[in-house]
Trainee: 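A single structure is presented below for examination.
Letters A, B, ... are given to chains in the order of the sequence lines, protein chains preceding strands, and every chain is numbered from 1.
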Amino acid sequence: MELVKTNELFKSFGAVKAVNDVSINIENGKIYGLLGPNGSGKTTLMRLIAGLFYPSKGSIQVLSENISVNSKAHVAYMPTEAFFYDYMKIKDAEKFFIDFFEDFDVEKFSDLLAKMQLNRKMKITSLSSGMNAKLRVALTMARKADVYLLDEPLNGIDLIARDAIMAAIIGGASEDNAVVISSHLIDIMENVLDDVIFIKEGKVVINENAEDARANYNKSIAELYKEVYA
Amino acid sequence: MFKLLKHEFKKRKSLLLIALIILSTAEILAIYQVTKSNSSPVFGAIINIVMFIGVLLIVFVDVVVQYFNDFKKSQGTLLFLSPNSGYKIVGSKMLFGAAELLAGLSLALLFSWITNSFAVAEGYEGIGPQIQLLKESLNMSVGSANTWWVVAGFLFLIFLQYFASQSIAVTSITLGRTILSKNSYNWFWAVLFFVMVSIVVQTVNGMLVLLIGLEDGIFSNSFSFDSQTETAVNFTKYLILGGIEYLFWIAASFLVSGTLLTKKVDI
């Protein structure tokens, strides 16, 4: 089932084409790797699907409907930067999600918090960047969304925290949803990806099943990444 | 909408507490000025007047800065990721601004009344004679039956005018963000939009006064029964048209901002 479909999608900022003629389908039951170096257009594409950016041209459909405010209820997006208000403790962020996202699962969040060694009384501004990333993943994955968009979830994260984050992401993936992870840390991601989407200067250059890509190019995804972006 | 209003309140909880502490400290100072020996109650009155001006300024700046930060800082992502339409988001910000203004002015009014009560208790005249004088002037101008209606209407119109200014400021930020989303000087364009729209509002207001034949002013120079009726009618006309005009600008600001946020603004 197609959860997200983009058709000839363009997004420009002045003369810069951040997303350039992108047509992709995101299907349920898969973990996608949206791969590319910094500035390749990964974040712009994710923000377009999350409904934070508006296309310059082309269309995006979520669950077969054109993107709108309603589609935000089906898409769980985790930005790469901390996105909390200064006043917030973890319990305030949780209340915000409870208030605005009907699919937020408090039990699942409690479970993820315990696994991430976080507690509700912690003030978010005092969290380290690794703890903040873990919180963002916990809040996002505690939603029962159809599509999860995780923008660089492993950026600047130490090895121990990486394992916790990857476990939370894999634990949240199911046959009913799709998970799209953007990253340039291919070595860590490679084994969990079902499909890979390579994006270069806003254009999709490779979009196929990860196993097929390895067979077709006779390379690991990490090697293929180095070849494409070298 | 209620949840968004709750969120707006939570965001400002500390700030509102600080504002309350500052106003309360100023009020204590005003009472001290009024009650201490060899002091003039004028200082207390000045503090209360500054309090009113402070409330107007603080609320305006707060509404503008909070909205601007939701675009400028990454925290805005959290708000705009929620499945709320642009209309709901901007509506909650405008409504909260209006509520904040009402609460602030009510508090300033309460503090002024307290200061005045202390002044009267100390044997000063307080503000009573001035209010009496104003009441008598209005009685002569519009007739005693219309005095309170005129005062209430005038205060309501000032509130609407201020609320309209806040709404236009919010829309100016939205416009700046829509047209120049990635330009770090979009705040400057927002200020420019605000000045331009404010000039248009004032011009339209002036034209309306002419349109209803009030080029010579609302108040008549003579104090006959007929002139009182005429002044009351003139004022009612001005109040209704002014009210409609400011409501129009508030509604237009809401619609423009809501539509742009829903369909155009990149976060």
Trainee: Taking M88(A), K95(A), R47(A) one by one, which has the highest count of heavy-atom pairs under 4.5 Å against chain B?
Mentor: R47(A)
Trainee: Let me know if T262(B) has heavy atoms under 4.5 Å from chain A in its side chain, its backbone, both or neither.
Mentor: both
Trainee: Crowded around K144(A) NZ? As in, over 12 foreign heavy atoms under 6.0 Å?
Mentor: no
Trainee: Please state whether the side chain, the backbone, both or neither of D99(A) comes within less than 4.5 Å of a heavy atom of chain B.
Mentor: both
Trainee: Given R143(A), which of D103(A), N177(A), D105(A) fulfils the side-chain hydrogen bond (donor to acceptor under 3.5 Å, both in side chains) condition?
Mentor: D103(A)
Trainee: Judged by modelled atom types alone, do T115(B) and E27(B) share a side-chain donor-acceptor pair under 3.5 Å?
Mentor: yes
Trainee: Above 12 or not: heavy atoms from other molecules or residues under 6.0 Å from OH of Y229(A)?
Mentor: yes
Trainee: Name all pairs fulfilling the ring-ring contact (aromatic ring centres under 6.0 Å, His included) condition that reach into residues 59-98 of chain A, sequence neighbours left out, sorted by first residue then second.
Mentor: Y85(A)-H7(B), F96(A)-F100(A), F96(A)-H7(B), F97(A)-F101(A), F97(A)-F104(A)
Trainee: Which bit of K263(B) comes within less than 4.5 Å of chain A, counting heavy atoms only: side chain, backbone, both or neither?
Mentor: backbone
Trainee: If we count only N and O atoms by modelled type, under 3.5 Å, do the side chains of S257(B) and Y87(B) hold a donor and an acceptor together?
Mentor: no
Trainee: For a side-chain contact (heavy atoms from CB on, under 4.5 Å) check, start with the C-alpha distance between T77(B) and E81(A), then their side-chain angles and the critical distance, and finish with the verdict.
Mentor: CA-CA 10 Å; T77(B) 307; E81(A) 72 279 0; 4.0 Å; yes
Trainee: For N69(B), which atoms come within 4.5 Å of any heavy atom of chain A: side chain, backbone, both, or neither?
Mentor: neither
Trainee: Less than 4.5 Å to any heavy atom of chain A: does that hold for the side chain of L261(B), its backbone, both, or neither?
Mentor: backbone
Trainee: What parts of residues 156-168 of chain B touch chain A if we use heavy atoms and a cut-off under 4.5 Å?
Mentor: none
Trainee: Could you tell me if D151(A) and S182(A) have a donor-acceptor pair between their side chains, going purely by distance under 3.5 Å?
Mentor: yes
Trainee: Within a reach of under 6.0 Å around CD of E201(A), are more than 12 heavy atoms found that belong to other residues, nucleotides or ligands?
Mentor: no
Trainee: Mind checking which of residues 98-109 of chain B sit less than 4.5 Å from chain A, heavy atom to heavy atom?
Mentor: none
Trainee: Under a 4.5 Å heavy-atom cut-off, does chain B meet the side chain of A82(A), its backbone, both or neither?
Mentor: backbone
Trainee: More than 12 foreign heavy atoms under 6.0 Å from NZ of K108(A): is that the case here?
Mentor: yes
Trainee: Closer than 4.0 angstrom, basic N to acidic O: yes or no for D266(B) and R177(B)?
Mentor: no
Trainee: Any sub-3.5 Å donor-acceptor pair from T171(B)'s side-chain atoms to S253(B)'s backbone N or O?
Mentor: yes
Trainee: If a pair satisfies salt bridge (Lys or Arg N to Asp or Glu O under 4.0 Å) and one of its residues is in residues 114-134 of chain A, list it, with sequence neighbours excluded.
Mentor: E94(A)-R120(A), D111(A)-K115(A)
Trainee: Quick check on K264(B) against chain A: is it the side chain, the backbone, both or neither that has a heavy atom closer than 4.5 Å?
Mentor: backbone
